[in-house]
S.K.: 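This structure is in structure tokens; I'll ask about it shortly.
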Protein chains: 2
Amino acid sequence: MREVAQLAGVAMSSVSRVLSGHPDVSVGMQSRVLAAVAELGYQPDLLAQSLRRQETMTIGFAVGDISNQLFAEIVASAETTLRTAGYSMLLTNSEASAELDAAHIRLLAQRRVDGIILSVGDEQNPDTLAALERLDVPVVILDRDVPMPGAVNVFSDHRRGMRQAVAHLLDLGHRDIAMINGQTLRPARERRAALEACYEERGLPPTYRFVDGTFSVEFGARAAGDLLSQEHPPTAIIAGGNQLMLGSLKVLRARGLRLGRDISFVGCDDIPVSELYDPPIAVVRRDTAAMGHSAAELMLALLAGEPVEDVTLPSEFVARASCGPVAKT
Amino acid sequence: MREVAQLAGVAMSSVSRVLSGHPDVSVGMQSRVLAAVAELGYQPDLLAQSLRRQETMTIGFAVGDISNQLFAEIVASAETTLRTAGYSMLLTNSEASAELDAAHIRLLAQRRVDGIILSVGDEQNPDTLAALERLDVPVVILDRDVPMPGAVNVFSDHRRGMRQAVAHLLDLGHRDIAMINGQTLRPARERRAALEACYEERGLPPTYRFVDGTFSVEFGARAAGDLLSQEHPPTAIIAGGNQLMLGSLKVLRARGLRLGRDISFVGCDDIPVSELYDPPIAVVRRDTAAMGHSAAELMLALLAGEPVEDVTLPSEFVARASCGPVAKT
DNA sequence: CGGATACTGAAAAACGATTTCTCGACCCGA
DNA sequence: TCGGGTCGAGAAATCGTTTTTCAGTATCCG
């Protein structure tokens, strides 16, 4: 910057004024400075700028597993929105470990990010909560019930889509429905609640079952295997999450079961395989781009000091041939 | 930091020494400082640290499309390796735009990242090359032929896997093989070269064809559609990339073609759908985790000033039922 | 011509750390 | 007891910018 000032024959303060759009600059000086900047290819050091301005123009994004299609799409969409507004994104991947969640929140704070968007792997972890508590920057939480006062939430309305899904199965005559879920997180709770509500509304006895474990392909496979090996396997399986869906499908396929005929199946998240599977798989779909975009928009609003409210985005059931009438025994 | 120094009754420089492991610290002072740090919950400002130390402990990762499964896995793996070494990752998503590529490189430079890992969408774009030229930090390039002197590369050996694939198809009697590719980038060139080499080695006339466009689901669908609508459609299609594969599959499926019987098909990248499709899809597979890990390791070595060489990771053909003997006409 | 207005320069004080320099205290051997 | 070496810690400079303050010049207006 000193060189620029020298070349343009002005004071450093003037260079700063020109570059940061201060009103008191004459066109003459402006052009001289800009010419010098262009000639030297000068680019202000964002680090020094951040230190002085006390804002980094950086948003931390702490995600559970970026290699999960769902998160990848959310991140992509959020990054676009943030970048358009001049922010960069610092990404941390916790590999579904609660300890890393907390460590990452602290790390992001230490890096003085202007805000944090996160999706934790454990809603109650005291360490994570403590780390969040100490934060003095805006926080947007993705689809989790984290007891944190200041945070703003982007929820998915899992219930709506899941109720449609269960209603569809009930209409097809299914009564013995099994739902596979991962950790006890908001999405899982919502899905369970939707299933229970559907039975109750119709005055049906609770002849469903739940299998809970982790949101992983492996557990999806194991859970599906266990269900099928029971004396009375369910007539329909709902996999709560795309990883669980992938795992379940492997097993269903290995056993030679034809979906929609031998057993009905509903997945979550409309990933490529859902549409391309034979038969196509009915899923509860949500708009990942909207989730990322909303999270970013909320963050920007918080940073601008605007009043904001939690956002709830819809989900919808996409009926496909993987659901069929219950097989007559 | 001043408060810590005050509470501990020492100078700020002593606090710094304790915290950054300087040898000249007495145990008495150390314990007093640490006690003060703990009491105040003090965490050094990484921003100020970066400014002074002239290193940010941050690596920029400029990727084409993070929502592409391939990149998502690479990023996840690289992030883990970098984080373990104490680095954070600044992620930019160029949405396959060459202009954004260049802008992002400049942005990362301005943020004073310690190094950049990137996968550009255009190997020759002069703006991008100019931006790279000006960089004075280590650069690791993912599977691209970018004419940049100092950069270190992580290549995929697409040829090996593709030659196996083509050999497999030729063995099955296919002669009219069509290959769909995206932009002219290293992976596409390698795949083409492998195909040509296979024919030539066997002394076969070049009865293959290439269709080039963009690496997108849409183009994959369009290209496959065009091929099938021709008077003499190919007896086998190779899709060069997972997005192209997804697009092609949609069309093949819509036309009711049974893979491995009516037409043979080879995809790229072993994404979930390949294994779960009916029939399972033969693919040229590569180890995404290894790619991300290698890129990160190379970066760390460069940062440590160690001598490094380009890395080439293998690919392999996974034969599956989507390839069958050529249909007798 | 007086005074308001607009611009610019120079200098200094941040921002929050690290690092160099310097100096005092202490120990040891002669 | 003194010189030299080591150890430990404070003071001050530094990283690259922004911001503030103040002063000063030039221009403009009536």
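Worth knowing before you read on, the calculation uses all heavy atoms, side chains too, and leaves out hydrogens, waters and symmetry mates.
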S.K.: Ignoring hydrogens and angles, are the base of C:dG9 and the side chain of A:Arg17 linked by a donor-acceptor pair under 3.5 Å?
M.R.: yes

S.K.: At under 4.0 Å between heavy atoms, what does A:Ser16 touch on the DNA or RNA strands: base, sugar-phosphate, or nothing?
M.R.: base

S.K.: In whole Å, I'd like the distance from the CG atom of A:Leu19 to the P atom of D:dT19.
M.R.: 12 Å

S.K.: What is the separation between atom CZ on A:Arg53 and atom C1' on C:dA13, rounded to the nearest whole Å?
M.R.: 17 Å

S.K.: Separation of B:Arg52 atom CZ from D:dT17 atom C1', in whole Å?
M.R.: 15 Å

S.K.: Looking across every strand, which nucleic acid part, if any, lies under 4.0 Å from B:Met29 by heavy atom: base, sugar-phosphate, or nothing?
M.R.: sugar-phosphate

S.K.: Does any donor atom in the side chain of A:Ser88 or B:Arg111 lie under 3.5 Å from an acceptor atom in the other side chain?
M.R.: yes

S.K.: Output the single nucleotide from C:dA17, C:dA10, D:dA9 whose closest atom is nearest the side chain of B:Met12.
M.R.: C:dA17

S.K.: Could you list the residues that satisfy salt bridge (charged side-chain N to carboxylate O under 4.0 Å, His left out) with B:Asp310, not counting sequence neighbours?
M.R.: none

S.K.: Rounded to whole angstroms, how far apart are CG on A:Leu47 and C1' on D:dT17?
M.R.: 10 Å

S.K.: At under 4.0 Å between heavy atoms, what does A:Val25 touch on the DNA or RNA strands: base, sugar-phosphate, or nothing?
M.R.: sugar-phosphate

S.K.: Can B:Asp127 and B:Arg106 be counted as an ion pair, charged N to O under 4.0 angstrom?
M.R.: yes

S.K.: Starting at CZ of A:Arg2 and ending at C1' of D:dG16, how long is that distance when rounded to a whole Å?
M.R.: 9 Å

S.K.: So which nucleotide from C:dA17, D:dT18, D:dC15 ends up closest to the side chain of B:Gln54?
M.R.: D:dC15

S.K.: Round to the nearest Å and state the distance from A:Leu51 atom CG to D:dT14 atom C1'.
M.R.: 12 Å

S.K.: With heavy atoms under 4.0 Å as the rule, sort B:Ser14 into base, sugar-phosphate or nothing.
M.R.: sugar-phosphate

S.K.: Picking from C:dT20, C:dG16, D:dT17, which would you name as closest to the side chain of B:Ala48?
M.R.: C:dG16

S.K.: In whole angstrom, what separates B:Met57's CE from C:dT18's C1'?
M.R.: 15 Å

S.K.: Go through it in stages, so that I can follow the logic: the residues are B:Ser94 and B:Asp101, the test is side chain to side chain donor-acceptor pair (under 3.5 Å), and I'd like the CA-CA distance, side-chain angles, deciding distance and then a yes or no.
M.R.: CA-CA 6 Å; B:Ser94 69; B:Asp101 271 340; 3.2 Å; yes

S.K.: Using only heavy-atom distances, determine whether the side chains of A:His293 and A:Ser77 contain a donor-acceptor pair under 3.5 Å.
M.R.: no

S.K.: Go nucleotide by nucleotide along DNA chain D from the 5' end; which of A:Gln43 and B:Val27 gets its closest nucleotide reached first?
M.R.: B:Val27

S.K.: From C-beta outward on A:Gln49, which listed nucleotide comes closest to its side chain: D:dT19, D:dA12, D:dT17?
M.R.: D:dT17

S.K.: What is the distance, to the nearest angstrom, from the CD atom on B:Gln30 to the P atom on D:dC7?
M.R.: 16 Å

S.K.: Heavy atoms under 4.0 Å, any strand shown: does A:Gly9 hit a base, just sugar-phosphate, or nothing?
M.R.: sugar-phosphate

